[in-house]
Q: 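Below you will find the structure I want to go over with you.
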Amino acid sequence: MLKKEKIRYEVLHPTYKALYDLVGEDNMMKVYHEFRGTQVQMPMKLYDRQTLEKYLGSISDKTISIKDLSHIYGFSQR
């Protein structure tokens, strides 16, 4: 079993401080071990447009308007 590292918050890099504040120490360390040294760019959209389009086409609940769906998922009505 790996020994848990003692994290010194006051000397963390600002990026890791922000992660620590957002997701907690354990999850910050998971991100650190998985992505350290890697430049990560996050997409503006949470959902993949093509996959979402297929999903919305497959659901049976057609009571929500296109306008409402576009607002919920952050895409234009197109």
Side-chain angles (χ1 to χ4, degrees):
M1 183 172 203
L2 290 174
K3 183 179 175 187
K4 186 173 178 178
E5 301 173 42
K6 178 154 174 68
I7 301 301
R8 305 232 181 259
Y9 178 85
E10 62 277 1
V11 294
L12 284 174
H13 187 281
T15 300
Y16 289 112
K17 276 186 181 179
L19 274 171
Y20 187 105
D21 293 341
L22 285 170
V23 300
E25 181 178 334
D26 290 339
N27 289 322
M28 186 249 346
M29 290 304 296
K30 287 178 186 177
V31 171
Y32 170 73
H33 287 294
E34 184 69 27
F35 296 107
R36 67 181 174 182
T38 303
Q39 188 173 13
V40 178
Q41 182 177 345
M42 307 304 283
M44 291 292 293
K45 302 288 186 187
L46 183 60
Y47 298 101
D48 178 72
R49 183 184 58 79
Q50 293 173 333
T51 307
L52 179 62
E53 185 177 349
K54 289 177 189 174
Y55 167 74
L56 292 176
S58 71
I59 61 173
S60 59
D61 183 12
K62 304 293 183 188
T63 60
I64 303 174
S65 72
I66 297 294
K67 181 179 179 181
D68 290 340
L69 286 171
S70 65
H71 182 71
I72 290 168
Y73 292 105
F75 286 91
S76 70
Q77 293 181 35
R78 287 189 291 125

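These figures come from a predicted structure and were not determined experimentally.
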Q: Run the side-chain donor-acceptor check on residues 33-44: report pairs under 3.5 Å with partners two or more places apart or on a different chain.
A:
unit_1, atom_1, unit_2, atom_2, d
His33, NE2, Glu5, OE2, 3.4
Arg36, NH1, Tyr32, OH, 3.3
Thr38, OG1, Phe35, O, 3.3

Q: As an exercise, state the distance from CD1 of Ile7 to OH of Tyr20, rounded to the nearest 0.5 Å.
A: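 Spacing of CD1 (Ile7) from OH (Tyr20) equals 7.5 Å.
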Q: Any chance you could measure Asn27, atom CG, to Met29, atom CE, to the nearest 0.5 Å?
A: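 Reported to 0.5 Å precision, the distance equals 11.5 Å.
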Q: Which residue is it: Leu22, Val11, Leu12? I am looking for the one with a side chain to side chain contact (heavy atoms under 4.5 Å, CB included) to Lys17.
A: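 Filter result, single survivor: Leu12.
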Q: For Tyr55, does the OH atom have more than 12 heavy-atom neighbours from other residues, nucleotides or ligands under 6.0 Å away?
A: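 12 or below, so no.
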